[in-house]
Amino acid sequence: MNKISNDIELAADFLRQGELVGIPTETVYGLAANALDSKSVIKIFEAKKRPSFDPLIVHISGLEELDKYALIPFALCKTLAQKFWPGPLTLVLPKKSIIPDEVTSGLDTVGIRVPAHAITLELLKKLEFPLAAPSANPFGYISPTRPDHVQDQLGNELALILDGGDSEYGVESTIIEVLSETSVRVLRWGGLDEQLLKSLKIEVTSNTMSSSNPIAPGMLLSHYAPRKPFYTGVLTELLQIHAGKKIGVIQYLPNVIEDKASIQYHALTTNGDLKEASHHLFALMRQLDQSDIDVIIAEFVPDRGLGKAINDRLRRASFPSLKGPNDEA
Ligand code: TXA
Ligand code: MG
């Protein structure tokens with residue numbers, strides 16, 4: 001049954017009844033539930049087959065709500081929120097007890113953000129509670145950037161999917177821990193890029209690569225992955241390695257390397273715009289995963305601005321193969 005709808009009131013009613021609703025955001029689509037109700041939150045983990053150690057992000061309607069759910073240890077937290085909310089920034093803050101342990105996987109911190117999407121902001125304003133929402137994909141798979149992506153994979157698990165069109169950024173939010181009045185640590189690069197953060201004249205460090213015992217639970221090495229074999233590296237070399245197969249190629253810019261019917265080329269952007277590239281990345285990975293090709297290969301994009309988030313997703317989605325940006329020599 002098609003559950004895609006424009007009915008914000010109906011979505012609010014389902015959420016009040018403890019059901020799951022797909023919500024559009026500027027980053028990716030979320031799978032939302034009442035963040036203050038453990039039973040509803042547990043449904044999210046079941047629907048996604050998500051391990052319980054991977055905490056959820058709480059979505060609120062505005063900065064004025066923040067005090068209800070978290071402590072604000074540094075003025076810099078508020079400065080960041082004022083500057084970048086609504087927008088693709090998640091702040092990790094000490095949680096207040098009103099947030100159930102199920103949301104935070106037992107951590108004493110909670111990830112919070114105000115999404116920049118008119119429909120979801122309207123929904124949040126109607127509701128009496130905030131929304132816990134991970135990306136609306138089965139655990140480990142590519143995140144959804146369109147309502148039909150959510151319908152295809154989780155249509156049976158939720159009550160309704162609010163249609164908010166294509167997600168603007170196409171990659172998730174940047175997750176930040178504030179360390180002092182002048183320094184932050186990035187736990188995941190996403191829609192908010194390094195230049196914007198550094199414009200605040202603060203020290204920015206990052207700790208985004210972790211293994212099966214991550215400091216930010218959920219920052220697992222393998223994530224965002226298609227089901228087809230997926231390799232990243234130097235395209236000319238990868239084309240040789242996979243010669244004879246039907247290959248889907250994800251490129252930064254359009255460039256036909258070998259003109260063969262068995263090779264399909266797809267560029268993330270025609271003019272080097274990294275936001276256009278991130279906007280297309282997940283939808284393209286999904287499209288190739290559902291096509292009849294044998295293997296997907298991709299090259300890294302310039303490792304600056306939104307390129308950091310794109311390269312992070314490419315790295316995590318692919319099998320370790322050829323060297324990419326920031327790989328250790
Ligand atoms: O853009 C986004 O952030 C999207 C949209 C729907 O808002 N949401 C999203 O959620 O990407 P999810 O669940 O796919 O990724 C959330 C990640 C977790 O895997 C975890 O790494 C991190 O956020 N996280 C959440 N709470 C945390 C906490 N208290 N401390 C450290 N990391 C946390
Ligand atoms: Mg996710």
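In this text the structure is predicted, and so the values were computed from the model without any measurement. These values consider heavy atoms only, across backbone and side chains, with no hydrogens, waters or symmetry-generated copies. Counting starts at 1 for both ligands and their atoms, following the listed order.
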Under 4.0 Å from any heavy atom of [X], which atoms of ligand 1 are there?
X	value
Thr109	28 (C), 29 (N), 30 (N)
His59	5 (C), 6 (C), 7 (O)
Thr27	1 (O), 2 (C), 4 (C), 5 (C)
Leu107	28 (C), 29 (N), 30 (N)
Asp54	18 (C), 19 (O), 20 (C)
Ile175	17 (C), 22 (C), 23 (O)

Within the 4.5 Å heavy-atom criterion, are [X] and [Y] side-chain neighbours or not?
X	Y	value
Ile57	Ile112	no
Glu102	Lys39	no
Val110	Val92	no
Thr90	Ile176	no

Can you check whether [X] has an N/O within less than 3.5 Å of an N/O in ligand 1?
X	value
Arg113	yes
Thr90	no
Tyr29	no

[X] heavy atom under 4.0 Å from ligand 1:
X	value
Lys95	no
Glu177	no
Thr104	no

Which one of Glu172, Arg188, His223 has a non-hydrogen atom at the shortest distance from atom 15 (O) of ligand 1?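 Selected option, by shortest heavy-atom distance: Arg188.
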Among Val28, Leu89, Leu192, which one has a heavy atom closest to atom 4 (C) of ligand 1?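 Result: the heavy atom closest to atom 4 (C) of ligand 1 is in Val28.
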Taking only protein atoms, how many N, O or S atoms are found under 2.8 Å from the Mg ion (ligand 2)?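 Under the 2.8 Å cut-off, the count stands at 1.
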Where's the contact between Glu26 and ligand 1, heavy-atom distance under 4.0 Å: side chain, backbone, both or neither?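 Glu26 to ligand 1: no contact under 4.0 Å from either part.
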Determine which pairs satisfy salt bridge (Lys or Arg N to Asp or Glu O under 4.0 Å) with at least one residue from residues 111-125, sequence neighbours left out, and list them in order.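 Salt bridge (Lys or Arg N to Asp or Glu O under 4.0 Å) check on residues 111-125 returns Glu26-Arg113.
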Go through the steps for Ser5 and Asp7 under the test side chain to side chain donor-acceptor pair (under 3.5 Å), then give the verdict. CA-CA 6 Å; Ser5 159; Asp7 195 338; 5.2 Å; no
Establish, for the pair Arg316 and Tyr224, whether the NZ or CZ atom is under 6.0 angstrom from the six-membered ring centre and no further than 45 degrees off its axis.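 No, a cation-pi geometry is absent between Arg316 and Tyr224.
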Taking the six-membered ring of Tyr29 as reference, does the NZ or CZ atom of Arg146 fall below 6.0 Å from its centre and within a 45° cone about the axis?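 So Arg146 doesn't make the cation-pi contact.
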Distance flag, aromatic centroids of His149 and Phe282, threshold under 6.0 Å: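 Ring centroids of Phe282 and His149 are no less than 6.0 Å from each other.
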Using ring centroids (six-membered ring only for Trp), state whether His242 and Tyr231 fall under 6.0 Å.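 Ring-ring flag for Tyr231/His242: true, centres closer than 6.0 Å.
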Taking it one step at a time, do Thr232 and Ser318 satisfy side chain to side chain donor-acceptor pair (under 3.5 Å)? CA-CA 6 Å; Thr232 38; Ser318 59; 2.7 Å; yes
In a table with atom names and distances, give each donor-acceptor pair under 3.5 Å that connects a side chain of residues 72-88 to protein atoms at least two apart or in another chain.
residue : atom : partner : partner atom : Å
Thr79   : OG1  : Ala75   : O            : 3.1
Trp85   : NE1  : Leu89   : O            : 2.8

For residues 190-201, please give each side-chain donor-acceptor pair under 3.5 Å, one per line with the distance, not counting sequence neighbours.
residue : atom : partner : partner atom : Å
Asp193  : OD1  : Gln195  : N            : 3.1
Asp193  : OD1  : Leu196  : N            : 3.1
Glu194  : OE2  : Lys198  : NZ           : 3.2
Ser199  : OG   : Leu196  : O            : 2.4

